[in-house]
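For reference, the structure discussed in these notes is given below.
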Protein chains: 2
Amino acid sequence: MRKRVNALAEQLLETLEERGYRSTSPRRAVAQVIANQDKHFTAEDLRGQLPLLGRATIFRSLKLLVETGVLCRVLLEDGDLHYQLSHRGHHHHLLCVECGSSQDLLGCDIEELLHQTSASHGFELSGHWLEVYGRCRACSSADKLSELTTA
Amino acid sequence: MRKRVNALAEQLLETLEERGYRSTSPRRAVAQVIANQDKHFTAEDLRGQLPLLGRATIFRSLKLLVETGVLCRVLLEDGDLHYQLSHRGHHHHLLCVECGSSQDLLGCDIEELLHQTSASHGFELSGHWLEVYGRCRACSSADKLSELTTA
DNA sequence: CAGCAAAAGATACTTGGTCTCATTAAGAGG
DNA sequence: CCTCTTAATGAGACCAAGTATCTTTTGCTG
């Protein structure tokens, strides 16, 4: 497990190096921490885990990682913007409002549907932003369980 | 046209009054300005048009209007949050990246599709946020026209 | 038209992020 | 391995959007 995580951090750094960015020690630290994150996080979360890094460095790294596609931004229900690892290109998130976990939404025909619908409004679609909120399997079954036991 | 706009402002105020909020002169001013807006705007835009109102008052009014469902927040492609009139309940926006206009997306089966897709991920859907970006009919035909004439 | 609560205004503060600029450190070339 | 160049960092000022606090004003009800 630990090995895998480090492998992920390595991978993030490689992505940066491929694009001509240096592998500096702050960046290694950021990559390590991000690779360990299991849910979406804010710049502040990162800062808490990397108190020795300058504020600007954290923000610069985040920006870079978003630009290179390593991270993506997720919009919370209240409008807060968080970050999380983006394993693939364009995708959407199923965000659990209870535990804060998120899964990627795959194999969904939404792009197709959006194209059709916007075309019918005379609209030439170029992009979209979609976030989906609800309860993950674990949280919703935990709910049902507690209903049964408290009843 | 002018008459309609004032009627709209009236209507916004009535919505507030129905919920027990007073009709004060700052609120009347805000309602008037919002009713005249033809695209999404920021608090700063409003402030520019209402220089005599306190900053906090503008923000308080916006918040109130969002809570009462008169306004909705729209997410721009770059992550900026703007406001705009919300004529109906839940809906989505087709935002023109060229002229900044927006249309509401109606008669779309997205909710249904989302429900199915998230259920297949074991996810109990409770809400979502969708914004669609592209070119409106006017802008995309203007583009085509200029291509023709410059060719 | 008096009095009270709601709202407004001024302004300090907070959060998330960018800019500037002097200093440090990758890493390429000798 | 050393040197040099340039990218990157850190510190801290700055900014934008929004909230909190506190005093004054204003709608409204009786």
Side-chain angles (χ1 to χ4, degrees), chain A residues 9-10 12-34 37 40-68 70-84, chain B residues 9-10 12-34 37 40-68 70-84:
Chain A
E10 274 323 303
L12 306 192
L13 287 167
E14 267 163 43
T15 309
L16 290 185
E17 282 181 75
E18 274 161 30
R19 317 246 177 158
Y21 297 107
R22 292 180 179 175
S23 162
T24 67
S25 85
R27 279 179 190 159
R28 279 190 294 272
V30 167
Q32 192 60 68
V33 168
I34 288 180
Q37 234 55 32
H40 46 82
F41 52 88
T42 62
E44 223 33 50
D45 294 334
L46 238 54
R47 236 160 83 70
Q49 292 173 64
L50 293 163
L52 299 178
L53 294 197
R55 224 168 86 83
T57 302
I58 304 259
F59 281 109
R60 278 188 289 238
S61 307
L62 283 174
K63 202 177 175 190
L64 202 59
L65 290 166
V66 170
E67 276 161 16
T68 53
V70 169
L71 292 181
C72 58
R73 300 195 291 171
V74 304
L75 180 72
L76 269 50
E77 222 165 355
D78 60 6
D80 263 23
L81 224 29
H82 284 214
Y83 299 88
Q84 78 174 28
Chain B
E10 275 321 305
L12 306 192
L13 287 167
E14 267 163 43
T15 309
L16 290 185
E17 282 181 75
E18 274 162 28
R19 316 244 179 158
Y21 297 106
R22 291 181 181 174
S23 163
T24 67
S25 87
R27 281 178 187 160
R28 278 191 295 273
V30 167
Q32 193 60 67
V33 168
I34 287 180
Q37 233 55 32
H40 47 84
F41 53 87
T42 61
E44 222 34 49
D45 294 334
L46 238 54
R47 236 160 84 69
Q49 292 175 64
L50 293 164
L52 300 178
L53 294 198
R55 225 169 85 81
T57 303
I58 304 259
F59 281 108
R60 277 188 288 239
S61 308
L62 282 175
K63 200 177 175 189
L64 201 60
L65 291 167
V66 170
E67 275 161 16
T68 53
V70 169
L71 291 181
C72 57
R73 300 196 291 170
V74 304
L75 180 72
L76 270 48
E77 223 166 355
D78 60 7
D80 264 23
L81 224 30
H82 283 214
Y83 299 89
Q84 78 174 27

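Chain naming here is simple, since letters A, B, ... match the order of the sequence lines and numbering starts at 1 in each.
In this structure, B/H82 places its NE2 atom 13 Å from P of D/dA16, rounding to the nearest Å. When the P atom of D/dG18 is taken as reference, atom CG of B/L46 falls 11 Å away, rounded to whole Å. If you take CZ of B/R55 and P of D/dA17, they are 8 Å apart, rounded to a whole angstrom. Regarding B/R28, its CZ atom lies at a distance of 12 Å from the P atom of D/dT26, rounded to whole Å. The CZ-C1' distance, from B/F59 to D/dA17, rounds to 5 Å in whole Å. Summarising the geometry, the separation between CD1 on B/I58 and P on D/dA20 is reported as 18 Å, rounded to the nearest angstrom. B/L16 places its CG atom 16 Å from the C1' atom of D/dC28, with the value rounded to the nearest Å. One atom, CZ of A/R47, and another, P of D/dG10, lie 11 Å apart when rounded to the nearest Å.
In summary, contact between chain B and DNA chain C, defined as any nucleotide atom under 4.0 Å from a heavy atom of the protein, begins and ends at C/dA5 to C/dT11 in the 5' to 3' direction.
If you check every strand for non-hydrogen atoms under 4.0 Å, A/S23 touches sugar and phosphate atoms only. Across all strands, A/A43 comes closer than 4.0 Å only to sugar-phosphate atoms, never to a base (heavy-atom distances).
Of the possible donor and acceptor atoms, none in the side chain of A/R73 sits under 3.5 Å from a partner among the backbone N and O of A/V66. A/R47 places no side-chain N or O within 3.5 Å of a backbone atom of A/I58 that could act as its donor or acceptor partner.
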**Q.** side chain to side chain contact (heavy atoms under 4.5 Å, CB included) between A/L75 and A/L81, intermediate numbers included
**A.** CA-CA 5 Å; A/L75 180 72; A/L81 224 29; 3.9 Å; yes
Using nucleotides 4-8 of chain D, report all nitrogen or oxygen pairs with the protein that are shorter than 3.5 Å.
residue	atom	partner	partner atom	Å
D/dT6	O2	A/R22	NH2	3.4
D/dA7	O4'	A/R22	NH2	3.4
D/dA8	OP1	A/R22	N	3.4
D/dA8	OP1	A/R27	NH1	3.1

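The closest side-chain donor-acceptor pair between A/R28 and A/S23 falls under 3.5 angstrom.
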